[in-house]
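Structure first, commentary second.
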Amino acid sequence: MALSWLLCAWLLVAGTRGVQDGDMRLADGDAANKGRVEIFYGGQWGTVCDNLWDLTDASVVCRALGFENATEAVGGAAFGPGTGPVMLDEVQCTGTEPSLANCSSLGWLKSRCGHRQDAGVICSNETRGTHTLDLSSELPEALEQIFASQQGCDLSIKVKTKGAEQLGMCAHRLILSSNPEAQALWREPGSTVTMEVDAECLPVVRDLIR
């Protein structure tokens, strides 16, 4: 009997030799890239509660195990309930940590979860593509249409000449602020700006502001 107990103890120690606190693995998935998340601490493997469990947390696990990222963060013991203690609860990662042990949580062995809430992941080696939306060619036309509508303005512009001719229009401070040459207009206090120009310039003032 004593010999059997010693053999079991030796196998247990041998099975965890070289494993460090914070090491992770996936269990009971039907493929290597999915399964229940298990984390090692204090000489034994345990699970992670699914409270606050999300894709960012799951990605930390997947990258630590050699995958590119996570495609799903699952809870509710989707890969079956585990055994041993629930090691971590309310895990919140930023996505750059090497292990869930480095993420914010309630701390080791402080969970009140049962194994019905064991967290799991599905990992992938597909990289998430980066796409750039370039609207630079359409922006000037769009801004011109906003000005032409003369609606939703927050700045009234009155243009006067020495001959007492007047021209009125409105503009948008936010749009004007993108042009350094228009600072004199959008930095004026109040909601009305008055400009005085030569009479021959009056016909082109609207085009200039647009």
- Message: Within this structure, what is the CG-CH2 distance for the pair Asp21 and Trp108, rounded to the nearest 0.5 Å?
- Response: 6.0 Å
- Task: Take Asn33 and Ser124 through the test side chain to side chain contact (heavy atoms under 4.5 Å, CB included) and record every step on the way to the result.
- Result: CA-CA 7 Å; Asn33 68 316; Ser124 173; 5.7 Å; no
- Note on the structure: Rounding to 0.5 Å, atoms CG (Leu100) and CD (Glu38) come to a distance of 12.5 Å
- Query: For Asp28, does its backbone N or O pair with a side-chain atom of Arg36 as donor and acceptor, under 3.5 Å?
  - Reply: no
- Message: Just so I know, are the side chains of Gln44 and Met87 near enough to count as touching, which here means a heavy-atom distance under 4.5 Å?
- Response: yes
- Task: Given side chain to side chain contact (heavy atoms under 4.5 Å, CB included), test Ser59 with Thr56 step by step and report yes or no.
- Result: CA-CA 5 Å; Ser59 292; Thr56 301; 5.8 Å; no
- Message: Quick one, Leu52 with Val91, criterion side chain to side chain contact (heavy atoms under 4.5 Å, CB included). Give me CA distance, side-chain angles, the key distance, then yes/no.
- Response: CA-CA 6 Å; Leu52 305 181; Val91 174; over 6 Å; no
- Query: To the nearest 0.5 Å, how far apart are CD in Glu90 and SG in Cys103?
  - Reply: 13.5 Å
- Identify the heavy atoms of His115 and Ala77 that sit nearest to each other, and give their distance. O-CB, 3.4 Å
- Query: Under 4.5 Å between any side-chain heavy atoms of Leu26 and Val61, yes or no?
  - Reply: yes
- Item | Closest non-hydrogen atom pair between Phe79 and Lys34, with its separation | CZ-CB, 3.9 Å
- Can you name the closest pair of heavy atoms from Ala73 and Ala58 and give their distance? CB-CB, 3.7 Å
- Task: Drop me the distance from Glu72's CD to Cys62's SG, to the nearest 0.5 angstrom.
- Result: 10.5 Å
- Query: Rounded to the nearest 0.5 Å, how far apart are SG of Cys49 and CG of Leu88?
  - Reply: 10.0 Å
- Message: Which heavy atom of Arg63 sits nearest to which heavy atom of Glu68, and what is that distance?
- Response: CG-O, 3.3 Å
- Note on the structure: Interatomic distance, CG@Leu55 vs CG@Asn69, rounded to 0.5 Å, equals 7.5 Å
- Query: Taking Ser99 for the side chain and Gly22 for the main chain, is one N or O donor matched with an acceptor at less than 3.5 Å?
  - Reply: yes
- Nearest atoms (heavy-atom pairs only) where Glu97 meets Gly95: OE1-N, 3.0 Å
- For Ile122, does its backbone N or O pair with a side-chain atom of Thr71 as donor and acceptor, under 3.5 Å? yes
- Item | Leu106 with Leu109, same ILVMFWY side-chain cluster at under 4.5 Å | no
- Item | Smallest separation among heavy atoms of Asp89 and Cys113, with atom names | OD2-SG, 3.6 Å
- side-chain hydrogen bond (donor to acceptor under 3.5 Å, both in side chains) assessment of Asp50 paired with Gln117: CA-CA 6 Å; Asp50 63 6; Gln117 287 183 260; 3.0 Å; yes
- Item | Test item: Trp45 side-chain N/O and Thr83 main-chain N/O as donor-acceptor pair under 3.5 Å | no
- State plainly whether one hydrophobic cluster holds both Val19 and Val48, where clusters connect Ile, Leu, Val, Met, Phe, Trp and Tyr through side-chain heavy atoms under 4.5 angstrom apart. no
- Reference residue Val121; test side-chain contact (heavy atoms from CB on, under 4.5 Å); the match among Val37, Val74, Val60: Val37
